[in-house]
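Remarks on the structure that follows.
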Amino acid sequence: MNGFVAIIVAIMLIVGSAFTLIAALGLIRLPDVYTRMHAASKAGTLGSGVVLIALGIQSGDPGTLTRSLAGVAFFILTAPISAHLLAKASYAVGYRLSDLSVVDEMPSNARGEKSNT
Amino acid sequence: MDATTHSTTLIVLLLPFIAAVFAPALTRIFKHNTAWVLAIVPAVVFWHFFTFLPEIERGEVVTGGYQWIPAYRVNFSWFIDGLSLTFALLISGIGVLIVMYSGGYLKKHPQLGRFYSFILMFMGSMLGLVVADSFLMFFVFWELTSITSFLLIGFDHKREVSRRAALQALVVTGGGGLFLLAGMLLIWNVTGITELSLLLRADVALVDSPYYIAILVLVLGGAFTKSAQFPLHFWLPNAMEAPTPVSAYLHSATMVKAGVYLLMRMNPVLGDTAAWETVLPLFGGTTLIVGTLLAVRQTDMKLMLAYTTVSSLGLLVMLTGFGYEKAIEAAVLYLVAHSMFKGALFMVAGAIDHEAGTRDINKVGGLITAMPIVFGAAIASAISMAGLPPFFGFLAKEEIYAGLWHPGSWPLFFTLVAIVGNGLMFVIGFAVALKPFLGEKKSPTEHPHDGPVLLWLGPVVLAALSLLTAVFSGVVHRYISDPMSTAVAGEPVEVYISLIPPIGVPLLLSVITIVFGVVAYRNLERMRSAMATVLETIGWGPDRGFDQFIRGLVRMSFWFTQIVQPGRLEIYMKTTFIVLALCLLVPMFVYDELPAMPRFPHDMALYEMVIMAIAVVGLLAVIYAKNRLTAIVSLGIQGFAVALIFMLFGAPDLSFTQFMVETLSVVILALVMTRLRLTPTDHRSVGTRVIDMSISVVCATAFVLLLLNVTQLPFDQTLSDFFTRYSVPIANGGNIVNVILVDFRGTDTWGEIAVVLVAGLAILSLMRIRLRPAVPIASNDPVEEERR
Amino acid sequence: MRTLIFRTVAPYLTSLIVVFSVFVLLRGHNEPGGGFIGGLIAASAFAIYGIACGVSPVRRALYFHPMGIAGAGLTLGSLAGLLSVFERVPFMTGLWYYVPIFGQELVLSTVLLFDIGVYFVVLGSITSIALALEERSND
Amino acid sequence: MAKSDAPQVDISAAMVTDPATLADWLVIAPLVYCIAVGGFLLMVRKDTNLQPILAIPGLVLLVILDAALLAHVIMNGPVTMTMGRWLPPFGISFTVDILGALLCLTAGIAALAGGIYGAGDINDSGRRYGFYPFLFLMMGGVSGAFLTGDVFNLYVWFEVLLIASFGLLVLGSERGQIDGATKYAFLNLVATTFFLIATGYLYGIFGTLNMADIAEKAPEMTDRAPLITLVSLFVLAFAMKAAAFPLNFWLPASYHTPRVVVSALFAGLLTKVGVYALMRITLVLFPAERDVLGFAIALVAAATMIVGAVGALAQTDFRRLLGFLVISGIGIMLAGVALASQSGVTGTIFYAVHSMVVMTALYLACGLAARVAGGFSIQTSSGVYSSHVLLAAITLVLFFAVSGLPPFSGFWPKVILVKASLDVGAWWLAGAILLSGFLTTIAVGRVWLLAYWRPAGSTTPAGEVGVLDPFIDYLPLVMLTGLVVLVGIFPQQVLEISQIGSDQLINPVDYIRSVFPDGGGQ
Amino acid sequence: MRLFLMNVLLALIWVAVTGLFSVLNLVFGFFLAAAVLYLIREQVGSVGYFSRAGKFLSLFLLFLYELVMSAIRVAILVLSPQMKLAPGIFAYRLKVDRDYEIALLANMITLTPGTLSVDVSDDKKFLYVHAIDCSDPDATRKGIAEGFERKILEAYR
Amino acid sequence: MAILVGVFFAVAIYLFLSKHIIRILLGAAILSNAVNLLIFTSGRLTREVPPILSKTDPVSEVMFTANPLPQALILTAIVIAFSFFAFLLVLGFRAYQELETDDTSEMRFAEPKDDKLPPLGY
Amino acid sequence: MSDPEQLVHVAVLLSLGLLSLSFAFCVFRVIRGPTLPDRILALDMLVATAIGFIAAIGIKTGYTLYVDIAIALGLVGFLATVAFARFVLARGNTGDDELNPGGLSETEKEQ
Ligand code: NA
Ligand code: NA
C-alpha cells in the first residue's frame, strides 16, 4: 500500500472518528433533544461516512469503494429523514423546547396533536 | 386329546363371546323367545365339558392350547382337571338356567339384548378363568369377570345406587386384581414358570422362597377381594342392585367363587404352611360369623341371601385353609351344594319380587297357593341350605363337621364357629323359603302366580339336582368330588359320605346345629332387632368407609393438585430454574466435574473490553429500566454489543445477522408497544427479588462452570477442517458459514425456514382471529358455540 | 406516519434497499450474506415502505399475500432438495449446472435455488408480521 | 468451481459415492413429504374447502409412507441416508431404527385421525389460518425428530413441531387459549433452550453432532469430560418436553384450552417426542451416564405417574382430566427408561405406541361426548350412555385401555414394565405402576358414572345438541379404538417389534454400522 | 420514458454496487431494476431530472460543502466551553410546491448549518425549521431562499 | 468471555422469573443471545479471521480461520429464536388485549383461581 | 511492517479508541434519557458510531467485506429510528416520561 493512500486513510480515520466523538459529546452537552439532533444528524453521519470511505479507499478495489460511497450516500439520504421524523414526532407529542429557546412559530395546533398514523 | 377336540375346545371357549356379539341382534329377531335360542350356547359348552368327565374320572387332565403371545411366553392354553371341570360344568350348567330365567325375569326390558350379551361375556370370561393354564391368560379373564360384573351391576344405570355399587365392585375386585397380578409376576420371577400346570407339577418349593410371604399376601389380596372376605365383603351385598339373574349367577354361583377357586388352585403350591393355615381360617371364620349376623339383620330377601353368600364364602375359605383331606372334601362338596341351593333361592327371591312386587320378607306372605311350584323349589333349596337330608347340602355339612372335628383347641374353636354359622344359615334359609309362602296372604300386587315357565324352571331344576346329587352321591363323588378334591389337595383323595352318614361326632354336631337353628328361627325377630341396635351403636361399616375413601381420595387429590399445579407462571418458572440448578450442580459436585481455575485472558484489547462492558451495561440497564422504552433501547444496546463481539471474533455473518435481527426485534417491540400500556418496571418485592436474583445467579454460575470445563478440554476440529477443506473445491463456496447453511447442513436451514414460515402464519392468525365478546374458557364447548 | 417528506423519499429508499438485498442474497455464497440476511433486508425495506405510505400500498406492491410468498419459498427450498432424486444422490445434494450465455458462464445451482427459497420465506414471513402489526396499530 | 480448469479433488474422500436408492429415500420421505405438503397447503390456505380435501388423502399417503418405512427397517435393520451426499459425520445423517419408524407410523395414524376429525371440528377461519398446514408442518417436525441422526438437527425439528404446535394452540384466540398458550409457549421455549444449551456443550466436548459418532466417542470421553452433568441437562430438557414431574406444569395449563382435535393431536404426538429423544440420548448415546442417573429417573417416573393419576382424580373438566392422564402415561414410559433393561425398554416402546393411540382417541371421544352431553364438566354433563351407546361403548373401551385393564392395549406394556421392575427388585416402581393404574381406574370410572351412565338431567339437553357425523366424527374414533382392541387381543406383532427396537437401542451396533458402514468415525 | 430512465439508473446502481462491470451483470441489473420499479410504480411521480444533470451536480456540490461546514460548525459549538445558543423554531414560506422539491429542500436544510426541518404545514405553504441559533430568523430564511431553494428551482424549472 | 456469558444468563433468567410478560419477553431475547454466545464460546474462539476463503488459494488459510460450524449453528439458532421472539411478543400483546393484564399471576382463565372440588357423588 | 502500514495501524487504534469513547457517551445518553426522543436519538447515534467502528475494524483486519455490514447497519438503524419515531407519535403524550428535562421522573408518573 503506497504511502499517499496510507496518509489519506489515516487522516480520514482520525477525522471521521473525531467527528463521531464530537457528535456524541454534543449528545451529552446540548440542552434539549432538538439541539442534540443537530449534532447527531450532521457530525454523526459525516463522521461514520468518512471512516467508511476510508475503508473503501484503503481496500483499493473499485467495487468496495463504490459500495462504500453508495453506503455513505444512503446515510446522507436517510439521516435528515430520521431527524425530521423524530423532531416532528417529539414536537407533536409535546416535548417542549429547552428554556433557552427564543422563538417558536410552530402553529399551536401542531403541539400535542395526536397524529392518526 | 386329539386335534378336533383341541380345536373344538377353543371354539367352545370363544363361543360365549361370539354369541355375546350377536345377542342384541338375535333379541331383535326372536323377541321373548331369545332365551331358548341363546340357552343353546351354554348348553353346548356344558355338553362339551361333560364329555371330559371320563378322562377326568380316570385321573387324567385335559390340556391343550394355542400360541398367543410367544414373544412374552403367553399361551392361550387350558389345563382342565377335576377342579376346573367342576367349575366349568357349574358355570355352563347354571348358565343355561340363568339365560332362560333372564328371559322370563327381564321380559319386555328394552335392553334385554344388551343384558344377554353382558351375561354371555361374563360366562365366557368365567370359563376362561377356570380353564386357563398360563398366568396371564388367567389374569386377563379374572379382570374380564370384574369388568363384566361392573357392567351388569350397573345395568340399571339410571339409579345412583346401582352406579355406586358398580364402581364399588370394580374398585374392590379390580384393585384386588392388581395384587393378584403382582403376585403372579412375582411367582414367575421366583420360579421362572408361567403356567399353572407346570407350577403344580414342578418341585420348586415356593413356600421356602424368601418371597413366599409377599406372594401369599398378594395372592390372598386377589382372592379375598373377589370372594368378599371380611372386611372387603361390603361390595357383594351392594351388588344386589343388579337384576336378580345376575345376583343368582355372578354373585352366588360363580364369580364370587373365583377367589375360592384361586385358593384351591394354589393350595398345593402355597398351602400347608403355618401362615396359610392361620390366615385363611381366621379370615374365613370371621367372614362366616359376620356374614350370618348381618344376614339376620336384613328383611330384604336378596340381601339376606347375599349376606349368607358372604358367610358361605367365608366357610369355604376357612375349610380350604385347614387343608386336611376331609376339610378339602367338605369345601368341595359345600361349594357344589351352595351353587345349587343359593342359585335356586336367588331365583326364587327374584320370582317373588317379579310376581309380588317386593322383596321385603315382611310385606309378602301366603303365596303358597299362588306360587306352589316356586314354593316347592324354595323349600327344597332351603332344606339343602340348612344341611338336612335328603339334599346335597346335608352331605356337605356332614363332611364339614367331619373335616373340622380334630383334637385341639384351634379346630374346636372353628367347629363352634361353624355350628353358629350353619345354624344361622339354617334360619335364613327357612326364613326365605317359608315366610313369603306361609301365614295370611299379603302382597303389594294383585293375584301373583307362578308365572311363565322361564321364571320357575331354573329353581326347580336346581332343587331337583340337589336332591338327585344327594341320592346318587356315589356317581357324583366318582366323577366330581374325588377328582376335584384330588386337584385341590394335590394328592389322591376319595370321598365316601352319603345320605346314610356314619353315626359319630359329625352327626351329633349337625343335630346340635339343627336345634340351635330351630331355636334361633323362633327368635328371628328378636335377634334382628338386637342386631339392628348393635349396628346402630357401631354406626360405621366398611360400606360407608368406601364412600369416605373415595371422597377423601378426591379431596386429597384436589388439594394436592392445587399445590403442584397452582396455575401461576412465575411459580412454574421458579420451579423450573431451581430444578435446572439442581440438575447441573448436584452431578457437578457429586461426580466432581468442576473445571480448573481459568487464567484471566491478558490478550484482550481495550476496545474489546469496552464492548463487553457496554454489553453488561446494556443488560443491567434492561433490568433497571424505569420505563419500557429505556428497556427496549437497552435491549438494542446489548444486542449490538453481541453483534460487535461476533465481529471481533471473526464471525461477520453472525454479526451481520445479529445486527439485523436485534434491530428488527427492537422495531417490532416498538410497534407492539405502540398499543400497550405496559411497564417493564419490576414490581417484585425486595424479598422475591433477592430470591430470584440468587436463583438466576446460581443457574448462571452452573452454566459458566460447565462452559469453562468444556472449553478446557482439547477440541476436535475434524468437522470444521473438513468443511474448510472442501468448501471451495466441491461446494463452490468461499463463505464456509453460508456453505454449511445451504449445503453441508442444509437440512437444518430447511427446518429453520419452516419455523420462520410457521411463526409468520401463527402470528397472522393471532392477529386476525378475534372473537368479538371475550369468551370464557369453557366456550370450547359446542353448546356455547351455538350461543355465539 | 404520512409526512410529506418521508412519503416522497420512501419509495426510492425501498427500491434501493431491495436491490441491495438481492445483491446480498446472490453474493452470500462467497462472502457474508445469503438468503436469510437478504430476506431480512428486503423485509425491513417493506417495513419502511409500510410505515411511510401505509400498509395497503405495500400489499398491492407485493401482489401476492406475503405468507403465500413465504409458502412458495418453502416449496422452492424443498424442491431444491428434491431435485437430487433425479441424480440418484441423497436429499439436499448440491447440483451445479453451467449455462453459457454471452460467452460467459452463468452458474445455476440447487444451493442457489435453496438460498432463494430461504430469501422468499424470510421476506414473506417477516413482511407479513410487520404488516400485521402495522395494521393492528393503525386501527 | 468444478469447471474444467478447477483443481481436481478426490470426491470419494468427502462424499458418499454409491448412489441413493429409492429405498434409502424412504428414510427421509415422510419428512420431506410433510414439509412440502405443508408449504403447498399454506399457499392455498384461502380455499378453505380445498384444505381438508387435499389434506386427508395426504395424511393417508403419509401413513402409507411411514408403514413402508417401518417395513423396510424391520426387514433390513437400521437405515441411514446422509443429506447432501457428504460423508457422515460431516453431513446430516438421518438414521432410522425400529423405534423411530414405529413411532413415526403411530404418529401418522394419530395425525390422520386428527385430520379427519378436524374437518368437522375446525371452522373456516381455523382452516384459513392454517390448521392443516400447521398439522402437516408439525408432523414434519415430529417425523424429523424421530428420523434424524444428528443432535442439532433434532433440535431444529423440535423447534419446528413446537412452533407449529403454538400455531395450532392459538387457533381460535379464545381467552383460555391465549392464557394456556402463554404458559405453554414460555415454558416450552425454556425447555428447548435447555436442549440447545446442552447441544452447545455437547458440540464443545465432542466436536461432532452425529449421534452415531458421539455414541462411539462417548466411552473414551467418559472420564475426561463432564458428561454426567451434560446428560442430566439433556434429561432435564427432554423430561420437561415430556411433561415429567416436577416440570409438567405446561401441559395441564394448556392442553384443555384449544379445540379438542388439537388437544388430541398434542396428546398423541408432542410429549412422546420428548420421551423418544430421552431414550435416544440416554440409551444410545450415553448408556454409562444413564446408569448413573437411572435411579433419579426412576424416582421421577414414579412421581410422574402418581401425580398424573392423582391430578386426574382432582378434575372436574373432562379435558383437564385427560391432560393429567397423559402425564401419568409419561411416567410409565419413563419407568422403562429408568430400568433400561431389554424388557423395560420394550415396555416403554409398546406403551408409547399405546399411549399415542389411546390418548388421541380419548380426546376425540371426549369432544364428541361434550357435544352430545352438553359440555366438558362432569358436574353437569350426563346421559351419553342412553343417547349415544356406540360412543359410550368406545369410550368405555378407551377408559379400560388407559387404566391398563385387559384385554386392551394398555395392559401388556404395563405387565411387562411391572415384571421388569420386579426383575431388578424395584418393587416400589412396580407398585407405583399398579397404583397409578388403580387411581386411573377410579378417575375414569367416576367420569363414566357421571357423564355417561347418569341419566340426562334438566341441566343437559342431551341428544339434542350434537348430531354426530358417521364419517367425520366416528370414523377416526372407530379406527383408533379398533387398534386399541386389536393390539390388546393380539399384541404379538407390536410386542415383537418393540423387542427388536429395544435390542437396537440397548446395543446400537447396527445403528452405528448403518451410519459408518466401514466402521469407525472419520 | 421516465420509468425507463429510472430503470437504467437502478441498473447502473446495481452494477456499481456489485462492483462487477460486465454486460451480463448489467442486463441482470436491468431486469432486477425493472422488477423493483414494479413495486413502487404508484409512488414514482415527477418527470426526468436527468436532463438537468449539470444543475444537479452544482446543487450536489453545494450541498456537500454545506454539509461539511455545518458539521464543523456543530463541532465548534459543542467544543466551545460555554455554549451560547438561542435555539428556536421558525416558519419558512415555501416557494417550491412540488412534493419532491419540498422533500429535497427539507432534507438539505436539515443537513446544513444549524437548521433542521421539523415539519411541513398541511397546506404545503410553510416549512417549520428548528435552528440552533434563532437570534435572527430572517437572515437564515434569506440564506435558505438564496441558497438551496433557488438552486432547486433552477434544477427543476 | 465465559463470565460475560454468565452475566447474560443471570440477567435473562432473572427477567424470566418476573411476573410481567414484557419482562419475560426481554428475558427471552437476552436468553437467546446468551445461548448463542455460549455455543460460540464452546466452539472455541479465534480473533478476527472470518471463515471466508478466497476462491484462488482456499487451502492456504485453512488452519487459521475461526471455527465456522458453530457460526452456522448459531445462525440457525438466531433465526429460530427470532421467530419465537416475534411469536411470543404478539402472543403477549394479544394476551394483554384479551386478558387485560400482563401480570401472569392474574392470568387465570385456563386454570381459574376458583377451581371447584369435583363432584363427590356417583 | 512498512511505514505506511504502521501509520494506518496507529490511526486505526486511535480511532477505535475515540469510537469506544463515543460509544460510552451514547450509552450514557440512552440510559440517562431523560426524554424518549433523547434515547432514540442516542440509539441512532450509537448505530452511526457502530458503523464507524465496523469500518475501522475492517481497515484493521483488511477484510473489506465489512462494508456491506456497515451499509446494512445503516439501513436498519434508519428503520429503528423511524419505528421509534412512529412509536413516540402513535403513543402520543402518555406522560410516560417527562416532557421537559428536569421534570418528574417517569416511574412516578407511571404508578
Ligand atoms: Na441453518
Ligand atoms: Na431457541
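Keep in mind that this is a model prediction, so the values were computed, not measured. Per chain, numbering begins at 1; letters A, B, ... match sequence-line order.
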Trace of the ring pair (Phe, Tyr, Trp, His ring centres under 6.0 Å) decision for B:F139 with D:F411:
CA-CA 11 Å; B:F139 181 75; D:F411 171 66; 5.7 Å; yes
Chain B: which of D:D423, D:V170, D:I416 shares the most heavy-atom pairs with it under 4.5 Å?
D:I416
Options D:D179, D:T182, D:L169, D:L227, ranked by heavy-atom pairs under 4.5 Å with chain B, top entry:
D:L227
Quiz item: cation-pi between D:K419 and B:W188, 6.0 Å / 45°:
yes
Heavy-atom distances under 4.5 Å only: say whether B:A166 touches chain D with side chain, backbone, both or neither.
side chain
Output yes when a side-chain donor or acceptor of B:Q565 lies under 3.5 Å from a complementary backbone atom of D:P252, and no otherwise.
no
Would you compute the distance between atom CE of D:M240 and atom SG of B:C583 and round it to the nearest 0.5 angstrom?
11.0 Å
D:Q499 side-chain N/O to B:A71 backbone N/O, donor-acceptor pair under 3.5 Å
yes
Answer with side chain, backbone, both or neither: which region of D:F186 has an atom nearer than 4.5 Å to a non-hydrogen atom of chain B?
both
Would you compute the distance between atom CG of B:L761 and atom CZ of D:F166 and round it to the nearest 0.5 angstrom?
14.5 Å
For the residue pair B:K158 and D:S386, establish whether any side-chain heavy-atom pair is separated by less than 4.5 Å.
yes
Measure distances from B:L580 to the heavy atoms of chain D and classify the residue's part below 4.5 Å as side chain, backbone, both or neither.
both
When you measure from the side chain of D:W250 to the backbone N and O of B:Y572, does any donor-acceptor pair fall under 3.5 Å?
no
Let me see the working for B:L144 and D:L405 under side-chain contact (heavy atoms from CB on, under 4.5 Å), right down to the final yes or no.
CA-CA 8 Å; B:L144 267 176; D:L405 291 177; over 6 Å; no
Any B:I69 side-chain heavy atom under 4.5 Å of D:W412 side chain:
yes
Could you check which of B:F179, B:F560, B:W559, B:F150 has the highest count of heavy-atom pairs closer than 4.5 Å to chain D?
B:F150
Do side-chain atoms of D:K183 reach the backbone of B:R568 as a donor and acceptor pair under 3.5 angstrom?
no
Answer with side chain, backbone, both or neither: which region of D:W448 has an atom nearer than 4.5 Å to a non-hydrogen atom of chain B?
side chain
Indicate yes or no: at least one non-hydrogen side-chain atom of D:T441 is less than 4.5 angstrom from one of B:V171.
no
Could you state the interatomic distance from CZ (D:R128) to CG (B:L764), rounded to the nearest 0.5 Å?
9.0 Å
Sort out for me which of D:G39, D:G200, D:S232, D:A164 touches chain B most, counting heavy-atom pairs under 4.5 Å.
D:S232
Validation row: D:F206, B:L713 side chains within 4.5 angstrom (heavy atoms)
no
Distance from B:N709 atom CG to D:I205 atom CD1, nearest 0.5 Å?
7.5 Å
A side-chain contact here means heavy atoms from C-beta on lying under 4.5 Å apart; do B:V564 and D:P246 qualify?
no
Are the side chains of D:P491 and B:W68 in touch, meaning some heavy atoms are under 4.5 Å apart?
yes
If you define the side chain from C-beta out and look only at heavy atoms, does anything of B:P714 sit under 4.5 Å from D:R224?
yes
For each of D:N153, D:V231, D:L396, D:T148, tally heavy-atom pairs with chain B at distances under 4.5 Å, and name the one with the top tally.
D:N153
Parallel, tilted or perpendicular: which describes the rings of D:F438 and B:F549, with under 30° parallel and over 60° perpendicular?
tilted
Kindly say whether the aromatic ring centers of B:F715 and D:Y203 come within a distance under 6.0 Å.
yes
With distance as the sole test, does D:Y201 use its side chain to make a donor-acceptor pair with the main-chain N or O of B:F703 at under 3.5 Å?
yes
Flag the pair D:W86 / B:F744 as yes when their ring centroid distance falls below 6.0 Å, and as no otherwise.
yes
Between D:Y155 and B:R745, is there a cation-pi geometry (under 6.0 Å to ring centre, at most 45° from the normal)?
no
Looking at D:V160, D:L209, D:L137, which makes the most heavy-atom pairs under 4.5 Å with chain B?
D:V160
Between CG on residue D:L434 and CG on residue B:L218, distance to nearest 0.5 Å:
9.5 Å
Heavy-atom distance under 4.5 Å between the side chains of B:L766 and D:I178, does that happen here?
yes
Look up atom CG in D:L236 and atom CG in B:L584, then write down how far apart they are to the nearest 0.5 Å.
7.5 Å
